[in-house]
Structures are given as C-alpha cells and as structure tokens.
Amino acid sequence: MIEEIKNKVEQELIAFTRDLRKLYSLDRISPLLFKNINNFITRKGKRVRPILFVIGYLGFAKRRAPGLYRSALSIELLHDFMLVHDDVIDKSDTRRGKPSMHKMLNDYLSGFANIKFSGQDLTIVIGDVMFAMAIHAFLSIKEDQKRKEVALKKLAEAALYTGSGEFMELLCGIKNIGEMTKEELYKIYDFKTANYTFASPLTIGAILAGAKDSEVNKLFDYGIYLGRAFQIKDDILGMFSEERKTGKPILTDLQEGKKTILIWQAYHNSGSKDKIIIKTTLAKKSVNVSDLLRMRGIVIRSGALEYAKKEIY
C-alpha cells in the first residue's frame, strides 16, 4: 500500500512540474527560476510527508476526494522550502546527493562580474516561492470547506513550529552542551522535525477526512514520538554513516556544531578529557575527518550510541 501511495505521489509531482508553466508561467517569468525549482523538487526522496498525509486521509475517509494527491504535495513542497533555507543556514553545498540550491545558483552567477547579490540571496527568494506553491497545492483537494480551513491552519502551524524549532536550535549553538537538558533537546526535535514530518501530515490528512478531535489528537501524539525516534536515528546516521547513504557530507552535523541527544549523552557520561574534546570540537570553525573519528570513539566509549538506540524504542 505504501509503495502504491508513493508511486502516485511521484506521478502527481511530475504532473505538478508540468503545471508550473500553466499555473504560474514560471518559465516565462524566469527560466532560471523555473529550471532550479523543477530540478530541486523532482530529486529522489523518501516522500514520507505526503505519504503520511494520504495515509491519514484514507484511514478516515469514506471515499477518496479529487485532488487528494495534489494536496498531499503541499507538505513535500513545504519540506523543500525549508530544505533550501536550511542549506543556506548550514552552508551546505549538497542536498540529496546533488548540489544544494544556493550552490547551483552561485555556480550560475560565477559567470557574471560585479554582482551585488549571491546564490544564497536568490535561494531565500526561491524558498518563499516554494512556500506559496505549497499553499496553492494544498487547496487542490475537493473536500468540505470547513475541514479544509481547519487543516490549512494545521499546515500553517507546521511551518510556524518548524521555523521556531530551527530558531531554537541555532540559539543552542551558543549554549554550553553541559548546560543543556534532555528536555530542551527533545523540544527542538518535536518542533523542528516531529511536527511537520510526522504529526502534521498524519493529522492534516485525518482532519480533511473528517476524523474526530480525539482521533486527531492521538495521531498527533503518535507522530511526535515517531518523529523523535526518526531524529535520533538521523543523528546516529549523521555521526556514523557515509555520504552515499545520507546524501550529505559526513562532516555536516559536526561542522554545524549540532547538539544532539547522542552528543549530549556522550558528554554527560565521559571523563574530563573527553568532555574537553567534545566542547572543543563543537566550537571549531572547521572540522575534519580526524575530529569526526575522535567523536565517534567518544560516543561509543561513553555508551551514548547504545543509549540513543534504546531511546528510539
């Protein structure tokens, strides 16, 4: 069933890219804008969010409303909007195994002299365009107007809370790892990842289908815990996996000085020498593979890896 839903999401995404010309005339407004958005949103991805959107809907709907899959794309486009902005913030040149949006645009601008803006500047604008496209796509479903209004508010909340989580995470960058609590980290996980990746897609679909408030609330709580587990797993991959598996450079999380449950647990269960290494590495402006290998060793020695795996379950 999930594979069938994913295939339909992919088909709808292809149809949507064709409609970029008809709906918005993006190719006439700016061929560069059209080309880069089309390039980015059609890259291979898990499509977790639109799949959960459809599952949440089909679990409560008596029939499948026209426009369901186009509406489900809204949460994928919201994801893309956040990704291109995240890559600017993280200064990441890779996304899904290909150049990030600002990298593509900086490459394009390299052929011009004396320009007063950068690919990062253009990417911020493209992200805003993607957000507008997400709202437009959401409205495609032919469902009860009252339910659409409630679901649209939930979509807006997802964007709001995800942005809030990103804001909190950035500010945590200036905070000592020893001063942070597990509750603070999970709050960031819940806002930045769990809400819009799991809880909101499931509940938006359910709301559109007419699910009761009690059912929607249970789905939301389930999505939050599922999202926490997903983020912890992602943290582990960020520390121990390879670029070919994650689609991003192996040093990305460490370069950002990202404070995760994995690193938090390692710090609180290490001796003074390893604590100094952790703090020094997180504060570095530029990290290398040797730093990553040292951190991996500390995480394993401290028992943090096993702790994080247990937290998932």
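What's counted below: heavy atoms across the whole structure, side chains too, no hydrogens, waters or symmetry copies. The chain is numbered in sequence order, starting from 1.
Counting only N and O atoms by type, the side chains of Tyr57 and Glu143 include a donor and acceptor under 3.5 Å apart.
The pair Asp80-Arg96 meets the salt-bridge criterion, with a side-chain N (NZ, NE, NH1 or NH2) lying under 4.0 Å from an Asp/Glu carboxylate O. Under 4.0 Å is where a charged nitrogen must lie from a carboxylate oxygen, and between Lys8 and Glu4 at least one such pair does. The pair Glu169-Lys259 fails the salt-bridge criterion, with no side-chain N (NZ, NE, NH1 or NH2) lying under 4.0 Å from an Asp/Glu carboxylate O. Look at Lys153 and Glu157 and you find no salt bridge, because none of the NZ, NE, NH1 or NH2 atoms lies under 4.0 Å from a carboxylate O. Between Asp144 and Lys148, none of the side-chain N atoms (NZ, or NE/NH1/NH2) sits under 4.0 Å from a carboxylate O, so this pair counts as no salt bridge. With respect to Lys175 and Glu179, no salt bridge is recorded, no charged nitrogen being found less than 4.0 Å from a carboxylate O. Between Asp19 and Arg70 there is a salt bridge, since a side-chain N of the basic residue sits under 4.0 Å from a carboxylate O of the acidic one. Taking 4.0 Å as the cut-off between side-chain N and carboxylate O, Lys218 and Asp221 do not count as a salt-bridged pair.
Remark: Phe198 CZ to Leu219 CG distance equals 13.5 Å, nearest 0.5 Å. In this structure, the separation between CG on Leu208 and CG on Leu152 is 9.5 Å, given to the nearest 0.5 Å. From Glu12, atom CD reaches atom CG of Asn7 across 13.0 Å, with rounding to the nearest 0.5 Å. Rounding to the nearest 0.5 Å places NZ of Lys44 at 11.5 Å from OG1 of Thr42.
Counting heavy atoms from C-beta outward, Met130 and Leu77 have side chains that stay 4.5 Å or more apart. Side-chain atoms of Leu109 and Leu122, non-hydrogen and from C-beta on, do get closer than 4.5 Å to each other. At a threshold of 4.5 Å between non-hydrogen side-chain atoms, the residues Phe131 and His136 do not count as touching.
Using cut-offs of 30° and 60° for the angle between ring planes, the Phe81 and His85 rings count as perpendicular.
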Throw together a table of side-chain donor-acceptor distances under 3.5 angstrom for residues 303-313, partners on residues two or more places apart or in other chains.
| unit_1 | atom_1 | unit_2 | atom_2 | d |
| --- | --- | --- | --- | --- |
| Tyr307 | OH | Lys182 | NZ | 3.0 |
| Glu311 | OE1 | Lys182 | NZ | 3.1 |
| Glu311 | OE1 | Tyr186 | OH | 2.4 |

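Each of Asp190, Asp234, Asp235 was checked for a salt bridge (Lys or Arg N to Asp or Glu O under 4.0 Å) with Arg228, and the lone residue meeting it is Asp190.
A cation-pi geometry, defined here as NZ or CZ lying under 6.0 Å from the six-membered ring centre and within 45° of its normal, does not hold between Lys103 and Tyr108.
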